[in-house]
**Student:** 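Just dropping this structure here.
Because the structure is predicted, anything quoted here is derived from the model rather than measured.
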Amino acid sequence: MEIAVIGAGIAGVTTAWELVQDGHKVTVFDRRLAVAEEGSFANSGLIAPSSLIPWADPKMPRRARRQQLDTLAPLHLTSPLAMSERAWRWKRALLSSSTMARRMSALRELARYSHERLHSLVAELELDFERTLGVLLLVRSAREMTALQPGLQLLRELGVPFQELSPEQARTIEPALNQETAFHCAIHLPNDEAGNCRQFAQMLKAQAQARGAQFVFGVEVRHLLPAAGANVTHLPARLLANMQVQLVGESQPRRFDAVVICAGAGASQLLKPLLRPLGFRLPLATTHSYAISAQVREPLHAPRSAVVDVRHNIALTRMGQRIRVGGGAVELGGRADQQHPKLVQKLYTVLHDWFPGAALLSGNVQTWRGGQVMLPDQAPLLGSTTIPGLWLNCAHGALGWTVSCGAARVLADEIRGERGAISSTELSIARLKR
């Protein structure tokens, strides 16, 4: 079949790879000039499925409710805040604990499968990108450690390996940790890892191209149209039909057997005209996260792998000869072209707390503000729609790198008419039906 993939971030590239491997003729469209130029460009790099496991416990979302359900990261509100963003925030706060537990459980399974799929691709294709094994969670206080206990117990029950370490033991794993910054303990997750998302996307894109996938950059999709005369409300979604992709600047739409939406910020604009008339609510919002990247000044003073400050939810990751500091609060609202100085400064503060002098901060420090589209329940949209030929692999929020390889394979299996390795029912668009 001829399939169009809209969006060339990490979700779009992995989707293109899996589809072309299944023998489809794939064309990827993106408004940028290269892959992974938006939300996948400079994220923290964590591939940490273990961090999602505690949120599959129904008790955890109840505790998070006191923090406005900020299960994955605190939410920072910036003026101006649009009415749609205000509504999104309250929809997020009204989600039930049972709903959040189901979504997080499904997301945890997807992350686990995605981690396995990533390793298979790396071995099969011999991809050599910047990556490090092991994640060290730094717990500043006894109170924080007490709050982590339900999650750690769930890790034990699920057989996920981890170690509780004293500060002295933690420093044997990360010798450069600042001796003057006191902390209570650390949690070491040996099977979690970090890697350069953009570099991986570039390598996988080259592999997909070698197998016939086409990437069309610098174009914007104006709208999508189902095949003329298709009964979009009654035909089974698994039946593929011609879809039309109208590009800005082209007089005639391009026709495909199917379209997969992997776009970030543009997903809402493309989907709402098609799905709202069919009774689907699409409360998509764009949040922004920050990261700084700097050259290593002295390797002995830099992290060996990935370290996470649990209190601030900030990751400090070694990427080759650079250090990347990312995470913290995700920003809702504000102007698209304006950075929030306090959120950026927090990254520098945490870097100084743990690895002072490790990075060259007087030179060319890259500051990144990336947008991630997400739903109030923080779970992605994955699978078919009620429109024949329209498929979804989008709204991953900040977890695109963690779930991308698995989500792409699950979607490709469904398009092929097979049951995927894991169920995507809890992540389908059916949950947004009015």
Side-chain angles (χ1 to χ4, degrees), residues 5 7-24 26 28 34-37 39-53 107-136 160-161 188-213 215 262 293 303-308 315 317-324 326 380 382 393 396 398-413 420-422:
V5 175
I10 188 62
V13 172
T14 51
T15 297
W17 164 257
E18 296 293 353
L19 291 174
V20 79
Q21 278 292 92
D22 286 352
H24 302 295
V26 178
V28 183
V35 299
E37 287 285 295
S40 306
F41 181 78
N43 56 43
S44 64
L46 288 181
I47 313 167
S50 297
S51 65
L52 286 169
I53 289 176
L107 197 51
R108 181 252 298 175
E109 284 300 307
L110 180 60
R112 178 196 57 78
Y113 175 61
S114 186
H115 205 196
E116 295 174 358
R117 185 64 186 157
L118 171 65
H119 286 178
S120 296
L121 288 176
V122 169
E124 174 189 349
L125 302 175
E126 299 181 343
L127 302 179
D128 184 17
F129 63 101
E130 295 170 345
R131 58 196 289 237
T132 57
L133 187 62
V135 174
L136 188 67
V160 177
H188 186 232
L189 299 162
N191 291 347
D192 285 2
E193 59 185 293
N196 190 322
C197 179
R198 183 170 180 247
Q199 195 178 64
F200 174 83
Q202 291 171 330
M203 292 179 177
L204 195 59
K205 175 232 178 185
Q207 294 285 341
Q209 281 183 313
R211 287 160 176 78
F215 286 77
C262 298
S293 301
R304 291 178 173 178
S305 182
V307 171
V308 178
T317 306
R318 180 71 173 268
M319 291 195 178
Q321 296 305 309
R322 290 170 298 137
I323 300 174
R324 180 165 295 162
L382 182 61
N393 185 11
H396 298 96
L399 295 172
W401 186 206
T402 298
V403 303
S404 58
C405 293
R409 186 61 253 166
V410 169
L411 183 74
D413 286 340
I422 63 169

**Student:** Kindly compute the distance separating CG (Leu382) from CG (Asn393), expressed to the nearest 0.5 Å.
**Tutor:** 5.5 Å
**Student:** Is it true that a side-chain atom of Ser40 and a backbone atom of Gly9 form a donor plus acceptor pair closer than 3.5 Å?
**Tutor:** no
**Student:** Taking only residues two or more places apart in sequence, or in another chain, which ones meet His115 in a ring pair (Phe, Tyr, Trp, His ring centres under 6.0 Å)?
**Tutor:** His119
**Student:** Could you check whether any side-chain heavy atom of Leu204 comes within less than 4.5 Å of a side-chain heavy atom of Leu125, counting everything from C-beta outward?
**Tutor:** yes
**Student:** Indicate yes or no: at least one non-hydrogen side-chain atom of Leu118 is less than 4.5 angstrom from one of Ile47.
**Tutor:** yes
**Student:** Do you know the tightest heavy-atom contact between Ala306 and Thr132?
**Tutor:** N-OG1, 4.3 Å
**Student:** May I ask you to check whether Arg324 and Thr317 show a side-chain donor-acceptor distance below 3.5 Å?
**Tutor:** no
**Student:** Check Ser114 against Cys405 and note the closest heavy-atom contact, atom names and distance.
**Tutor:** OG-N, 3.2 Å
**Student:** Can you establish whether the number of heavy atoms outside Glu126 located under 6.0 Å from its atom CD is more than 12?
**Tutor:** no
**Student:** Compare every heavy atom of Gly7 with every heavy atom of Val28, then report the nearest pair and how far apart it is.
**Tutor:** CG1-O, 3.6 Å
**Student:** Could you check whether any side-chain heavy atom of Arg304 comes within less than 4.5 Å of a side-chain heavy atom of Arg318, counting everything from C-beta outward?
**Tutor:** no
**Student:** Measure across Trp401 and Gly195 and return the closest heavy-atom pair with its distance rounded to 0.1 Å.
**Tutor:** NE1-O, 3.1 Å
**Student:** Decide yes or no for Trp17 and Lys205: does some side-chain heavy atom of the first lie under 4.5 Å from some side-chain heavy atom of the second?
**Tutor:** no
**Student:** Could you tell me the separation between the CD atom of Glu130 and the CD atom of Gln199, rounded to the nearest 0.5 Å?
**Tutor:** 4.5 Å
**Student:** If we only count heavy atoms from C-beta on, is the Glu193 to Leu46 side-chain gap below 4.5 Å?
**Tutor:** no
**Student:** Compare every heavy atom of Leu19 with every heavy atom of Val5, then report the nearest pair and how far apart it is.
**Tutor:** CG2-CD1, 4.1 Å
**Student:** Does a side-chain heavy-atom distance below 4.5 Å link Pro161 with Asn191?
**Tutor:** yes
**Student:** Kindly compute the distance separating CG (Leu399) from CG (Asn43), expressed to the nearest 0.5 Å.
**Tutor:** 10.5 Å
**Student:** Checking Arg409 now: which residues fulfil salt bridge (Lys or Arg N to Asp or Glu O under 4.0 Å) with it, not counting sequence neighbours?
**Tutor:** Glu18, Asp22, Asp413
**Student:** Quick one: ring pair (Phe, Tyr, Trp, His ring centres under 6.0 Å) partners of Phe129, sequence neighbours excluded?
**Tutor:** Phe200
**Student:** At what distance, to the nearest 0.5 angstrom, does CE of Met203 lie from CG of Asp128?
**Tutor:** 6.0 Å
**Student:** Passes side-chain contact (heavy atoms from CB on, under 4.5 Å), Val35 versus Glu37? Steps please.
**Tutor:** CA-CA 6 Å; Val35 299; Glu37 287 285 295; over 6 Å; no
**Student:** Can you name the nearest heavy-atom pair linking Ala201 to Val13, along with the distance?
**Tutor:** O-CG1, 3.5 Å
**Student:** Any side-chain heavy-atom pair from Val403 and His396 closer than 4.5 angstrom?
**Tutor:** yes
**Student:** Has the side chain of Ser404 got a donor or acceptor atom that lies under 3.5 Å from a matching backbone atom of Ile10?
**Tutor:** no
**Student:** Under 4.5 Å between any side-chain heavy atoms of Leu110 and Ile422, yes or no?
**Tutor:** yes
